[in-house]
2 protein chains.
Amino acid sequence: MHTIKDVARLAGVSPSTISKYMNGGNVREENVKAIRDAIAALDYRVNPFARSLKTQRSQSIGILLPDISAPFFGTVVTALDKTLREHGYHTLISCYSANHALERENLRYLLSTGVDGLVYIPEDLSAEEFYELTANCSVPTVQIDRVIQGVAGDAVLVNNADAVYTATAELIRRGHRRIGLISGPKFVSSAKERQVGFLRALSDHDILFDEELFFSNDHAFATGYQGCEALLSLENKPTAIVSTNHDITIGLVTAIRDMGLRIPEDLDVFGFDCKDVCTMMKPSIPVIYQPEQIIGQTAANYLIERLRGYNGQPRMTRLECSIVL
Amino acid sequence: MHTIKDVARLAGVSPSTISKYMNGGNVREENVKAIRDAIAALDYRVNPFARSLKTQRSQSIGILLPDISAPFFGTVVTALDKTLREHGYHTLISCYSANHALERENLRYLLSTGVDGLVYIPEDLSAEEFYELTANCSVPTVQIDRVIQGVAGDAVLVNNADAVYTATAELIRRGHRRIGLISGPKFVSSAKERQVGFLRALSDHDILFDEELFFSNDHAFATGYQGCEALLSLENKPTAIVSTNHDITIGLVTAIRDMGLRIPEDLDVFGFDCKDVCTMMKPSIPVIYQPEQIIGQTAANYLIERLRGYNGQPRMTRLECSIVL
DNA sequence: CTTTTATCGCGAAACGATTCGCGATAAAAC
DNA sequence: GTTTTATCGCGAATCGTTTCGCGATAAAAG
């Protein structure tokens, strides 16, 4: 491997001139040619470590999220990656597998690698912990999908409450009065908002909320499956169920099929996040669909503006979900 | 931000002692205490750039793949990330969106960031190009899911041919004689192998292969959808279709449903990669399922051994897929 | 032809860790 | 009490860039 000095020697100029050339500075035409030749001859590439040591920048963005294998996150990350890359940043992804200890550890680790910015999908971290961990790093952060209560920073969210409100209202319009909800963890802000939309729809239509019809656990397949079993073993069963994420929806539908029930005749369902699968069904299952790409793009743009020096108030976007009937 | 010198001054020892302490060397008990206190007092963290400059290691592994939003890749990457992290490495993910120019560019970029190793799911790169790009980096590489013809290196693959053979044979057992195949790009090694298994099953059962029944395009939903339309618009339609990846399967099933046909009465189907969705269907769709987690773990372990200095012949694992009926 | 102005190259000093060999100290052996 | 042995700390050099101010050269202005 060759260094900038080797190139300088071969090109007959000083190392600083090479550096200037590499970073887009003004260099005399004849030198440009000599430098270009020397670089090609030696197959020189800048040493990223040395550069970062001097500049204290890594041109990389950390993405901390629960689980990259969830299609929703996968698509968001793809969009993030694409947009960031277009601006010369690359992404460093860290999954904490919805494990709360790992969430802290990976955050610490990500920050310790010297990322220039952070995109964060939090699950179980308090504002104090967040500030403690990010103290003396001053890494601009954008929260996505959910937020930590009390953290002031840019955020890109969706209008969860309205989306679930619309879904629930649609089920009510179809004549349902006993509607179940299967939801993610209560301490996750997006899950909470989805619950709020559900409750508001019920009360707006003068339906009394029955605590029994609310099933909450983690964001997994099993939650959908077991939630379905639990709700249908009630004395006073629901006639429809609203799901609030991808895996829960798949689990829910699987349970229904395993019980030999038909959708929507025996039990009506509203899906979430799995548009392709829901529209594949016959008859198709109505579904709430988040603008995954736009979420990623918006977050990336927020971050890029901060990295360019924008220093205004925290901004928050709430994007609308679409409902596919 | 504080440096190692600040800590040294405060603890009353030399910077080299601090370095020793940080890296697990032997340090006298009384100094350990002083150093620990000093680090805590200053909230000192090592500067990753300076460390990497000196050691020429980044403790990070690049993952280059077509698309992180595909559930198969998502799960593989999750397993990779987990295993690598347990060994002190973190992952740097780069998607090239099945775009061939981007594949080269991102490979170049990933290498330029100084990753210590590479996990690569290639699509359209020749061995010459690969060697040219990786020359003078000497980055250990593990290929996953597919390989570039002519690249000698560790690889973790599945037994694609046998899996599709078994699936096709099962359809033949069910009485089908005209069976279609919808496949990814012909130049991708895994797609090729799947095709080989398909053809072998046909010939082993004395069924003449009809070129018309073979539809190949990219690995997308639309390929499954359009492939289905194309095959079913043939004069001599197939009575069953084998799919060869997740999105193609979803597209295929969607097309079938949109045409108002029933599975398996009107058209039998064999799915790929989407176990949850296929088993959710009623009646369930048989499906080929790859050991995603094990793929990730195996690849990570290969890489870790190389990074520890193992320098033997390239190794290749072929894992068996399971068939869920 | 001289003066002003702009352009660029140069050298040296960072950036913040790790490494290496030497020397000092303390414990163990005799 | 002296020698041997092991343990650890120290200082200086090094990794390969970028940056900054000064000086040199060339072009433009008078």
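Residue numbers start from 1 in every chain, and the chains themselves are labelled A, B, ... in the order their sequence lines are given, proteins ahead of strands.
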Between A:Glu86 and A:Thr83: side-chain donor-acceptor atoms closer than 3.5 Å: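 The answer is no; no qualifying pair exists.
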Those residues that, when tested against A:Glu105, pass salt bridge (charged side-chain N to carboxylate O under 4.0 Å, His left out) (two or more places apart):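 A:Glu105 satisfies salt bridge (charged side-chain N to carboxylate O under 4.0 Å, His left out) with no other residue.
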For [X] and [N], what is the distance between atoms [atom1] and [atom2] respectively, to the nearest whole Å?
| X | N | atom1 | atom2 | result |
| --- | --- | --- | --- | --- |
| A:Lys33 | C:dC8 | NZ | C1' | 20 Å |
| B:Asn23 | C:dA17 | CG | C1' | 9 Å |
| B:Tyr21 | D:dT7 | OH | P | 21 Å |
| B:Met22 | C:dT19 | CE | C1' | 16 Å |
| A:Lys20 | C:dT7 | NZ | P | 11 Å |
| B:Ile18 | D:dC8 | CD1 | P | 16 Å |

With sequence neighbours left out, what residues match [X] under side chain to side chain donor-acceptor pair (under 3.5 Å)?
| X | result |
| --- | --- |
| B:Gln143 | none |
| A:Arg85 | A:Asp81, B:Ser94 |
| B:Ser16 | B:Ser14 |

Pairs where residues 47-79 of chain A contributes a residue and the test ring-ring contact (aromatic ring centres under 6.0 Å, His included) is met, not counting sequence neighbours: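 Not a single pair qualifies under ring-ring contact (aromatic ring centres under 6.0 Å, His included).
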Pairwise ring-ring contact (aromatic ring centres under 6.0 Å, His included) hits with a residue in residues 88-110 of chain B, at least two apart: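 For residues 88-110 of chain B, and leaving out neighbouring residues, the ring-ring contact (aromatic ring centres under 6.0 Å, His included) pairs sorted by first residue read A:His90-B:Tyr109, A:Tyr109-B:His90, B:His100-B:Phe187.
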Distances under 3.5 Å between protein N/O atoms and the N/O atoms of nucleotides 13-16 of chain D, please, pair by pair.
unit_1	atom_1	unit_2	atom_2	d
D:dT14	O2	B:Lys54	NZ	3.0

Can you list, pair by pair, the side-chain donor-acceptor contacts under 3.5 Å of residues 3-10 of chain B, counting residues two or more places apart and other chains?
unit_1	atom_1	unit_2	atom_2	d
B:Thr3	OG1	B:Lys5	N	3.1
B:Asp6	OD2	B:His2	ND1	3.4
B:Asp6	OD2	B:Thr3	N	2.9

side-chain N/O A:Asn26 vs C:dT7 OP1/OP2, d < 4.0 Å: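 No.
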Below 4.0 Å: OP1/OP2 of D:dG9 and any side-chain N or O of B:Asn31: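 Answer is yes, contact under 4.0 Å.
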Protein-to-nucleotide contact annotation, 5' to 3' order, nucleotides 20-27 of chain C [B base; S sugar-phosphate only; - none; under 4.0 Å, heavy atom]: --------
Degree of bending, the helix from C:dC1-D:dG30 to C:dC30-D:dG1 (end axes from five pairs; round to 10°):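 Rounded value for the end-axis angle: 30°.
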Residues 25-38 of chain B, side-chain donor-acceptor partners within the protein, below 3.5 Å, at least two apart:
unit_1	atom_1	unit_2	atom_2	d
B:Lys33	NZ	B:Asp37	OD2	3.1

List, one per line, each side-chain donor-acceptor pair under 3.5 Å for residues 293-307 of chain B, sequence neighbours excluded.
unit_1	atom_1	unit_2	atom_2	d
B:Thr298	OG1	B:Ile294	O	2.6
B:Asn301	ND2	B:Gln297	O	3.2
B:Tyr302	OH	B:Thr317	OG1	2.5
B:Glu305	OE1	B:Arg315	NH1	2.5
B:Arg306	NE	B:Asp154	OD2	2.8
B:Arg306	NH1	B:Gly312	O	3.0
B:Arg306	NH2	B:Asp154	OD1	2.9
B:Arg306	NH2	B:Gly312	O	3.3
B:Arg306	NH2	B:Gln313	O	3.1

side-chain contact (heavy atoms from CB on, under 4.5 Å), paired with B:Ile144, selected from B:Leu80, B:Val77, B:Ile63, B:Leu64: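 So the option named by the test is B:Leu80.
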